[in-house]
Amino acid sequence: MWGNNPLSGSNACKHIREAYLDPSDAWGIVLIIVAILGLITVVLVCIAMGIFWSTPIIKSSGREQMILLLTGTTLCFLLTIFFILKPSIPICLFQRVGTWFCLSLILSALFVKLVRIARIFLREQTSGRPKFITPIYQIIFTFMLVGGQMLLVLISLIIVYPDSTTKLVLNSENTNDSPEL
């Protein structure tokens, strides 16, 4: 509860409820359900990867990059919780940093994986392997891209600091047409 609106006669006040996406709202419940279904899907994919860990298909897919993709996806689904909490400066900060971290982890892993595959198949017919395609280099390149993105996020946080403001919006639920003061 925050704020109030005087009732007729000025003998009492009607409390005005603060409006934000609440976990008990319909959209909050839908977001929680989607996040839980996504987490279940990620767990099932992790179990399948664990069962078939040493098969040629999983080995050739770049296991380390797949782990980074699944980690980023899991963090995205867990981040949903912070979008349905009451806004505050730490929550807004975590929303901005968390969103960009998760998405940059996923997209960087996909980009590095795509570049690796392109370098393997588009190389000239030489007898040697292309340089920097081992898993450790793939992880290093991925985290270099994520680090660059996080540096940009840090700069944006310095320029536009996250804040939550409270505004009084009058609508049909909280207006008083004829207050007698």
Side-chain angles (χ1 to χ4, degrees), residues 21 23 27-164:
L21 187 59
W27 281 111
I29 293 170
V30 168
L31 287 175
I32 291 171
I33 291 171
V34 169
I36 290 172
L37 290 174
L39 287 170
I40 291 170
T41 305
V42 170
V43 167
L44 292 175
V45 170
C46 289
I47 290 171
M49 276 187 66
I51 291 171
F52 299 107
W53 186 255
S54 58
T55 60
I57 299 245
I58 299 293
K59 283 183 178 180
S60 67
S61 70
R63 295 182 283 192
E64 294 79 12
Q65 293 297 97
M66 287 299 295
I67 290 171
L68 291 176
L69 283 169
L70 290 171
T71 302
T73 307
T74 302
L75 291 174
C76 278
F77 287 124
L78 291 175
L79 191 66
T80 305
I81 295 166
F82 290 95
F83 282 95
I84 57 175
L85 294 176
K86 183 178 179 181
S88 65
I89 292 175
I91 295 294
C92 293
L93 177 76
F94 196 75
Q95 286 175 354
R96 280 179 55 187
V97 173
T99 301
W100 284 110
F101 177 75
C102 297
L103 294 177
S104 66
L105 183 62
I106 292 170
L107 295 175
S108 297
L110 284 174
F111 178 71
V112 169
K113 191 173 189 167
L114 180 67
V115 168
R116 175 181 181 249
I117 292 169
R119 289 184 63 220
I120 290 171
F121 287 112
L122 296 178
R123 69 181 178 161
E124 295 182 18
Q125 298 299 328
T126 60
S127 59
R129 263 174 73 167
K131 293 182 181 180
F132 307 118
I133 63 166
T134 59
I136 190 69
Y137 284 115
Q138 304 302 302
I139 293 172
I140 289 170
F141 291 148
T142 301
F143 281 113
M144 285 173 60
L145 290 171
V146 171
Q149 180 69 37
M150 289 296 100
L151 182 65
L152 293 174
V153 170
L154 179 66
I155 291 169
S156 78
L157 287 174
I158 292 170
I159 293 171
V160 181
Y161 190 73
D163 194 11
S164 63

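This structure is a prediction, so every number in the text was calculated from the model and none was measured.
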Give, for atom [atom1] of [X] and atom [atom2] of [Y], the distance between the pair rounded to the nearest 0.5 Å.
X    : Y    : atom1 : atom2 : answer
L154 : Q149 : CG    : CD    : 12.0 Å
L39  : L78  : CG    : CG    : 5.0 Å
I155 : M150 : CD1   : CE    : 12.0 Å
I139 : M144 : CD1   : CE    : 14.0 Å

Side-chain donor/acceptor pairs under 3.5 Å, residues 40-56, sequence neighbours excluded:
residue	atom	partner	partner atom	Å
T41	OG1	L37	O	2.8
T55	OG1	F52	O	2.7

- [ ] Count the heavy atoms belonging to other residues, nucleotides or ligands that lie under 6.0 Å from CD1 of I57, then report whether that count exceeds 12.
- [x] no
In residues 99-108, what donor-acceptor pairs under 3.5 Å come from side-chain atoms, sequence neighbours left out?
residue	atom	partner	partner atom	Å
T99	OG1	Q95	O	2.6
S104	OG	W100	O	2.8
S104	OG	F101	O	3.1
S108	OG	S104	O	2.7

TODO: Please list, chain by chain and in numerical order, all residues satisfying side-chain hydrogen bond (donor to acceptor under 3.5 Å, both in side chains) with Q138, sequence neighbours excluded.
DONE: none
TODO: Not counting sequence neighbours, which residues clear side-chain hydrogen bond (donor to acceptor under 3.5 Å, both in side chains) with K59? List them please.
DONE: none
Less than 4.5 Å apart, any side-chain heavy atom of [X] and any of [Y]?
X    : Y    : answer
V34  : T80  : no
L93  : P90  : no
E64  : T142 : no
I133 : R119 : yes

TODO: May I have all residue pairs that pass ring-ring contact (aromatic ring centres under 6.0 Å, His included) and include part of residues 66-98, sequence neighbours excluded?
DONE: F82-F94
- [ ] Measure across Q65 and A109 and return the closest heavy-atom pair with its distance rounded to 0.1 Å.
- [x] NE2-O, 3.0 Å
- [ ] Under the side-chain contact (heavy atoms from CB on, under 4.5 Å) rule, collect the residues that match up with R96, sequence neighbours excluded.
- [x] S156, L157, V160, P162
